[in-house]
Amino acid sequence: PHTPPSDTDMATKLDRSDASGVLVTCTDCPYWFAFAWTDADAHDSACAHEERVHPGRNEASTKRAHFRAYAARHAV
């Protein structure tokens, strides 16, 4: 399946692996990470981290909105 564009230009990054899921990291918080089985859950984790630790930033929420729009256009 086709994957949406990379999230490398935001504070939180999603590292996808078809075999194991999605690792979520934050470039501003090297000690923080999350794991999710799906891209949707990974985006939710990134947004939750951004809301708690980086209030006022919107990179993760913008990426989640783009992901949701992409997923809606490419739904199986």
Side-chain angles (χ1 to χ4, degrees):
H2 186 271
T3 342
S6 172
D7 298 315
T8 57
D9 59 338
M10 60 190 286
T12 50
K13 294 184 179 184
L14 279 54
D15 181 16
R16 295 172 184 87
S17 166
D18 288 340
S20 61
V22 187
L23 179 66
V24 186
T25 58
C26 176
T27 57
D28 295 339
C29 304
Y31 53 86
W32 180 85
F33 68 92
F35 176 82
W37 290 110
T38 67
D39 281 355
D41 290 342
H43 280 284
D44 290 343
S45 292
C47 286
H49 172 73
E50 184 176 72
E51 290 168 9
R52 283 190 305 268
V53 182
H54 307 289
R57 294 185 69 174
N58 65 359
E59 290 92 349
S61 57
T62 299
K63 288 291 184 179
R64 180 172 61 182
H66 289 214
F67 168 77
R68 287 178 175 172
Y70 175 91
R73 287 191 312 271
H74 297 88
V76 178

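- Taking Ile, Leu, Val, Met, Phe, Trp and Tyr as members and joining any whose side-chain heavy atoms lie under 4.5 Å apart, directly or through other members, Val53 forms no hydrophobic cluster with any other residue.
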Open item on the list: Quick one, Ser61 with Glu51, criterion side-chain contact (heavy atoms from CB on, under 4.5 Å). Give me CA distance, side-chain angles, the key distance, then yes/no.
Closed with: CA-CA 9 Å; Ser61 57; Glu51 290 168 9; 5.9 Å; no
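- Under the 4.5 Å side-chain heavy-atom criterion for ILVMFWY residues, a single connected hydrophobic cluster contains both Tyr31 and Val24.
- Taken from SG in Cys26 to CZ in Phe33, the straight-line distance is 13.0 Å, to the nearest 0.5 Å.
- Atom CZ of Arg57 and atom NE2 of His49 lie 8.5 Å apart (nearest 0.5 Å).
- Ring orientation note: the planes of His43 and Phe67 are close to parallel, at an angle under 30° on the 30°/60° scale.
- For the atom pair OG1 of Thr25 and CZ of Phe35, the computed distance is 13.5 Å after rounding to the nearest 0.5 Å.
- The CD atom of Glu50 lies 12.5 Å from the OG atom of Ser45; values are rounded to the nearest 0.5 Å.
- Closest non-hydrogen pair, Val22 versus Ala42, comes out as CG1-CB, 3.5 Å.
- The distance from the CZ atom of Arg52 to the SG atom of Cys29 is 10.5 Å, given to the nearest 0.5 Å.
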